[in-house]
Amino acid sequence: LLLEASRVSKCVIYDGICVTVSAQTGERIIGGSQCWPHSQPWQVFVFDNQLSRCGGALINEHWVLTAGHCLGRNLMVHLGEHDLRKQDAGEQASRAVRVIRHPKFDPLTLKNDVMLLKLSPPAVLGDTIKTIPLAKECAPIGTKCVVSGWGTTTFPRVNYAYVLQCLDTEILSKDICKSRYGDSVTDDKICSGIMEGGKDSCQGDSGSPMICNGVLHGLVSWGAVQCASKKSPSISTEICKFRKWIEETMAESDTKAPVQG
């Protein structure tokens with residue numbers, strides 16, 4: 001799911017060195033539109049010193065949730081981002097001092113595709129940086145949601161977005177995804193999308209949040225190779241299936257010394 005991306009012109013200071021933001025990413029947004037600035041204040045930008053990137057969601061001042069396949073070395077997290085080409089008002093940078101991928105993550109099937117990042121320094125909440133609550137219950141079929149990210153806006157030609165993109169989507173029956181992808185759709189996934197095609201997530205959006213009714217219900221995980229094609233829904237990690245693991249892992253980690261994964 002990690003594909004080579006074009007360079008973004010913004011200089012990010014990493015260990016005292018100016019790094020041009022570039023990416024290897026998993027999922028993108030096609031057919032969406034620019035988000036209203038900072039309308040998704042929980043959205044974060046995740047990257048490492050190998051210039052790989054993903055999205056993520058701020059769930060409290062200390063923790064970000066992203067996809068398990070976004071694992072990298074020396075992960076950094078930018079909060080309050082909107083336009084990657086410039087320093088947005090209120091933007092913050094943190095290091096992931098603890099990286100905890102689900103212990104049963106499967107790199108082949110992407111089952112249990114979820115990971116926690118502990119931030120240092122912790123996020124300073126404000127108008128452009130806010131947390132998003134975790135889903136307590138799984139969302140029913142037909143629920144309307146929003147997916148956001150900085151992924152490519154075209155396919156097969158790759159044009160990564162500089163400005164955060166938003167896409168309205170809808171939760172579909174898992175049977176629809178299983179009829180398209182077979183046993184690759186595990187029980188911990190959400191099936192969503194626009195069946196007529198033209199709108200989808202794709203390269204660049206892995207780990208980015210799916211927000212339904214003001215709650216975090218999903219993280220972009222994978223989809224069809226031909227993004228935004230007809231009858232090819234997107235697959236996201238279903239947060240309600242992992243709430244207990246997330247809460248218990250954060251609580252346990254708070255008693256341990258920081259370690260970069």
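Each residue takes its place number in the sequence, starting with 1. Atom set for the values below is all heavy atoms of this structure, side chains included, hydrogens, waters and symmetry mates excluded.
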Student: Using a 4.5 Å cut-off on heavy atoms from C-beta on, say whether the side chain of I235 contacts that of I190.
Tutor: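 No, too far: nothing below the 4.5 Å cut-off.
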
Student: For H38, give me all partners under ring-ring contact (aromatic ring centres under 6.0 Å, His included), at least two apart in sequence or on another chain.
Tutor: H82

Student: Is a side-chain N or O of T66 found less than 3.5 angstrom from the main chain of M115, in a donor-acceptor match?
Tutor: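 Pair absent, no side-chain N/O of T66 close to backbone of M115.
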
Student: Which heavy atom of K178 sits nearest a heavy atom of V185, and at what distance?
Tutor: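 The pair with the smallest heavy-atom distance is CE-O, 3.7 Å.
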
Student: How does the hydrophobic cluster around W245 look, that is, which other residues are in it when side-chain heavy atoms under 4.5 Å mark a link?
Tutor: W42, I59, W63, L65, I100, V114, L116, I132, L134, I211, L216, L219, I239, F242, I246, M250

Student: What's the verdict on side-chain contact (heavy atoms from CB on, under 4.5 Å) for K144 and T169, showing C-alpha distance, side-chain angles and the deciding distance?
Tutor: CA-CA 6 Å; K144 306 295 184 183; T169 190; over 6 Å; no

Student: Hydrophobic cluster membership, with links at side-chain heavy-atom distances under 4.5 Å among I/L/V/M/F/W/Y: are V146 and L164 in one?
Tutor: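 They do not share one cluster, since no chain of ILVMFWY contacts under 4.5 Å joins V146 to L164.
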
Student: Ignoring hydrogens and angles, tell me if any N or O in the side chain of N112 forms a donor-acceptor pair with the backbone of K104 under 3.5 Å.
Tutor: yes

Student: I need the L84 CG to F47 CZ distance, nearest 0.5 Å.
Tutor: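 Answer rounded to 0.5 Å: 10.0 Å.
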
Student: Quick check for you: to the nearest 0.5 Å, what is the distance between C70 atom SG and R101 atom CZ?
Tutor: 10.0 Å

Student: With disulfide bond (SG atoms under 2.5 Å apart) as the rule and sequence neighbours excluded, what pairs involving residues 100-144 come up?
Tutor: C138-C240

Student: Identify the two heavy atoms, one from C166 and one from S148, that lie closest to each other, and give their separation to 0.1 Å.
Tutor: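 Heavy atoms of C166 and S148 come nearest at SG-CB, 4.1 Å.
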
Student: Could you measure the distance from the CG atom of L119 to the CG atom of L79? Nearest 0.5 Å is fine.
Tutor: 6.0 Å

Student: What verdict does the side-chain contact (heavy atoms from CB on, under 4.5 Å) test give for I171 and C212, after you've listed the backbone C-alpha separation in whole Å, the side-chain angles of each residue and the deciding distance to 0.1 Å?
Tutor: CA-CA 9 Å; I171 294 181; C212 315; 4.3 Å; yes

Student: Could you check whether any side-chain N or O of S120 sits under 3.5 Å from a backbone N or O of V97, counting only pairs where one atom can act as donor and the other as acceptor?
Tutor: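 No, the answer is negative, given that no donor and acceptor are paired below the 3.5 Å cut-off.
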
Student: If the condition is side-chain hydrogen bond (donor to acceptor under 3.5 Å, both in side chains), which residues does T131 pass it with, not counting sequence neighbours?
Tutor: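 With neighbours one apart ignored, the set is empty.
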
Student: Are P233 and C177 packed together at the side-chain level, in the sense that at least one heavy-atom pair is separated by less than 4.5 angstrom?
Tutor: yes

Student: I'd like to know whether T143 forms a side-chain contact (heavy atoms from CB on, under 4.5 Å) with E170, so could you lay out the CA-CA distance, the side-chain angles of the two residues, the decisive distance to 0.1 Å, and finally the verdict.
Tutor: CA-CA 6 Å; T143 300; E170 179 179 342; over 6 Å; no

Student: Would K130 and L125 count as a side-chain contact (heavy atoms from CB on, under 4.5 Å) here? Give the steps.
Tutor: CA-CA 6 Å; K130 300 181 186 295; L125 303 184; 5.6 Å; no

Student: If you look at every heavy atom in M210 and C145, which pair is closest and at what distance?
Tutor: CG-CB, 3.7 Å

Student: Would you please name every residue forming a ring-ring contact (aromatic ring centres under 6.0 Å, His included) with F105, sequence neighbours left out?
Tutor: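 Partners of F105 under the ring-ring contact (aromatic ring centres under 6.0 Å, His included) test: none.
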
Student: Can you check whether D187's main-chain N or O pairs, donor with acceptor, with K241's side chain at less than 3.5 Å?
Tutor: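 Such a contact is found between K241 side chain and D187 backbone.
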
Student: Distance check, rounded to the nearest 0.5 Å: H62 atom NE2 versus L117 atom CG?
Tutor: 14.5 Å

Student: Looking at K174, R243, H217, which one forms a side-chain hydrogen bond (donor to acceptor under 3.5 Å, both in side chains) with E238?
Tutor: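 By the side-chain hydrogen bond (donor to acceptor under 3.5 Å, both in side chains) criterion, E238 pairs with just one of K174, R243, H217: K174.
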
Student: Can you list everything that forms a side-chain hydrogen bond (donor to acceptor under 3.5 Å, both in side chains) with K189? Sequence neighbours excluded, please.
Tutor: none

Student: Report the distance from atom CD of Q34 to atom OG of S39, rounding to the nearest 0.5 Å.
Tutor: 11.0 Å

Student: Have H78 and E91 got a donor and an acceptor in their side chains that come within less than 3.5 Å?
Tutor: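 Yes, a side-chain donor-acceptor pair sits under 3.5 Å.
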
Student: Looking only at heavy atoms, what is the nearest atom pair of S208 and G55, with distance?
Tutor: OG-CA, 3.4 Å

Student: Where do S221 and D113 come nearest, in terms of heavy atoms and distance?
Tutor: OG-OD2, 2.7 Å

Student: Side-chain contact test, heavy atoms from C-beta onward, threshold under 4.5 Å: evaluate it for W222 versus S184 and give yes or no.
Tutor: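 In short, these two side chains touch, coming nearer than 4.5 Å.
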
Student: Please check: side-chain N/O of S94 versus main-chain N/O of P121, any donor-acceptor pairing under 3.5 Å?
Tutor: yes

Student: Verify the ring-centre separation between Y162 and W150: is it less than 6.0 angstrom?
Tutor: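 Distance test on ring centres: not under 6.0 Å, no.
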
Student: For the residue pair C54 and S206, what are the closest heavy atoms and their distance?
Tutor: CB-O, 3.2 Å

Student: Between OG1 of T249 and NZ of K118, what distance do you get to the nearest 0.5 Å?
Tutor: 12.0 Å

